[in-house]
Amino acid sequence: MNYFDGHCDVLFKMFKDKTINFQNSEKLHITKEGLQKGGAKIQCFAIYIPESVHPDMKFEAALSMATIFYEKILQPNPDFKFIRNKMDIEQLKEGEIGAILTLEGCDAIGGDLLKLKTLLQLGVSAVGLTWNYANAVADGALEPRGAGLSLFGRETVKLLNQQDILVDVSHLSENSFWDVMELADHPYASHSNTYNLCPHPRNLRDEQIKALIEADSVIGITFVPPFLSGSNAATITDVLRHLDYICSLGGEDHVGFGSDFDGISQTVKGLSSTADYRNLINELTKYYTSSQVEKFLYTNMVKRFPK
């Protein structure tokens, strides 16, 4: 079976270390060879600007990561296809892998919608409004203030609606989450787990999960050990626990995966890289029907691509 992975930080790692080779670098969780071995069909690549980048340089850093996406992911690999809409997905051929460009946090745009429009013109198809802290758009999950969207944030969501862009609620504070659910046409969670099983601020409470299900959205279970088990150690069984819990809330048609590979230092036992997705698939097939597994791995994510 093929899979759709909703989030990774390969571009960030390649931005930090210009010597990394996407083809087969041992410094990456996700490589071309690993994607092929693991059975990837679509991989999302996030533009993530770390806190350490000076505010005046954040937009330039975002452009640099977009350039890495084009010049080091797509151009050397003709079997990688840039995905901007559902037609691109439908036209993927056997052996081809789709690559989607996303934005993790609007820190790069400051308070300037022109900068966001530029990133959308470069092909960004999904936008997370924050990382863990506050920016001009909203408060993140670890911001002590815990506020919601700013007035500028509401304008940001309005622009994303106009262009049929997915609005990613992963990393948002609870108040920001509910503001987005009220305003966004296409909300989703690219990489979040369940708070009830693991009470981490980055995880979603039952009411949030149910709201996403009611909005006909999707939640990408992530492979971050502290979000799975509350510690730096986790297993594929922990991944299945979170999957099963979302299904118990009515989410069988609303759950997928967003690994966060290359954005994590610890990995799940048996899921140390994208090549190990086969181990996850093997475990899924022990407990779910083939049609359910196909939904979890691929269909549920593809169906939410809005354009």
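The analysis underlying the following values was restricted to heavy atoms, covering all of them including side chains, and did not include hydrogens, waters or symmetry mates.
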Say you draw a straight line from [atom1] of [X] to [atom2] of [Y]; how long is it, rounded to the nearest 0.5 Å?
X: Asp262; Y: Thr274; atom1: CG; atom2: OG1; result: 9.5 Å
X: Glu104; Y: Ile49; atom1: CD; atom2: CD1; result: 10.0 Å
X: Leu101; Y: Leu119; atom1: CG; atom2: CG; result: 8.0 Å
X: Glu155; Y: Leu183; atom1: CD; atom2: CG; result: 10.5 Å
X: Glu143; Y: Asn175; atom1: CD; atom2: CG; result: 12.5 Å
X: Ile246; Y: Ile209; atom1: CD1; atom2: CD1; result: 5.0 Å

Under a 4.0 Å threshold between the charged nitrogen and the carboxylate oxygen, would [Y] count as salt-bridged to [X]?
X: Lys27; Y: Asp17; value: yes
X: Arg205; Y: Glu174; value: yes
X: Arg241; Y: Asp244; value: no
X: Lys37; Y: Asp276; value: no
X: Asp139; Y: Arg145; value: yes
X: Lys286; Y: Glu283; value: yes
X: Asp79; Y: Lys32; value: yes

Check: [Y] main-chain N/O paired with [X] side-chain donor or acceptor under 3.5 Å:
X: Lys81; Y: Ile97; result: no
X: His171; Y: Thr130; result: no
X: Asn161; Y: Asp185; result: yes
X: Asn282; Y: Thr285; result: no
X: Thr156; Y: Val137; result: no
X: Gln163; Y: Leu160; result: no
X: Lys86; Y: Phe305; result: yes
X: Thr102; Y: Ala126; result: no
X: Gln292; Y: Thr289; result: yes

Ring geometry between [Y] and [X] (parallel below 30°, tilted from 30 to 60°, perpendicular above 60°):
X: Phe69; Y: Phe82; result: perpendicular
X: Phe12; Y: Tyr48; result: perpendicular
X: Phe223; Y: Phe257; result: tilted

Checklist entry - For Leu116 and Leu113, what are the C-alpha separation, side-chain angles and deciding distance, and is it a side chain to side chain contact (heavy atoms under 4.5 Å, CB included)? => result CA-CA 5 Å; Leu116 178 57; Leu113 284 181; 4.1 Å; yes
Looking only at the side chains, is there a donor atom on one of [X] and [Y] sitting less than 3.5 Å from an acceptor on the other?
X: Ser176; Y: Ser173; result: yes
X: Asn193; Y: His242; result: no
X: His54; Y: Glu60; result: no
X: Thr267; Y: Ser272; result: no
X: Asn196; Y: Thr194; result: no
X: Asp5; Y: Ser259; result: yes
X: Ser190; Y: Asp168; result: yes
X: Glu33; Y: Gln23; result: no
X: Arg304; Y: His186; result: no

Checklist entry - What's the shortest heavy-atom distance between Lys115 and Ala108, and which atoms? => result CD-O, 4.0 Å
Checklist outcome for this item: When every non-hydrogen atom of Cys44 is compared with those of Phe4, the smallest separation belongs to SG-CE2, 3.7 Å
Checklist entry - Is Tyr195 reachable from Leu240 through a run of I, L, V, M, F, W or Y residues, each pair having side-chain heavy atoms under 4.5 Å apart? => result no
Checklist entry - Does the ring center of Tyr298 lie less than 6.0 Å from the ring center of Tyr3? => result no
Checklist entry - Do Phe296 and Tyr288 have ring centres separated by under 6.0 Å? => result yes
Checklist entry - Yes or no on side chain to side chain contact (heavy atoms under 4.5 Å, CB included) for Arg154 and Asp179, after CA distance, side-chain angles and deciding distance? => result CA-CA 9 Å; Arg154 291 174 179 270; Asp179 285 347; 3.8 Å; yes
Checklist entry - Does CD in Glu26 sit with more than 12 non-hydrogen atoms of other residues, nucleotides or ligands closer than 6.0 Å? => result no
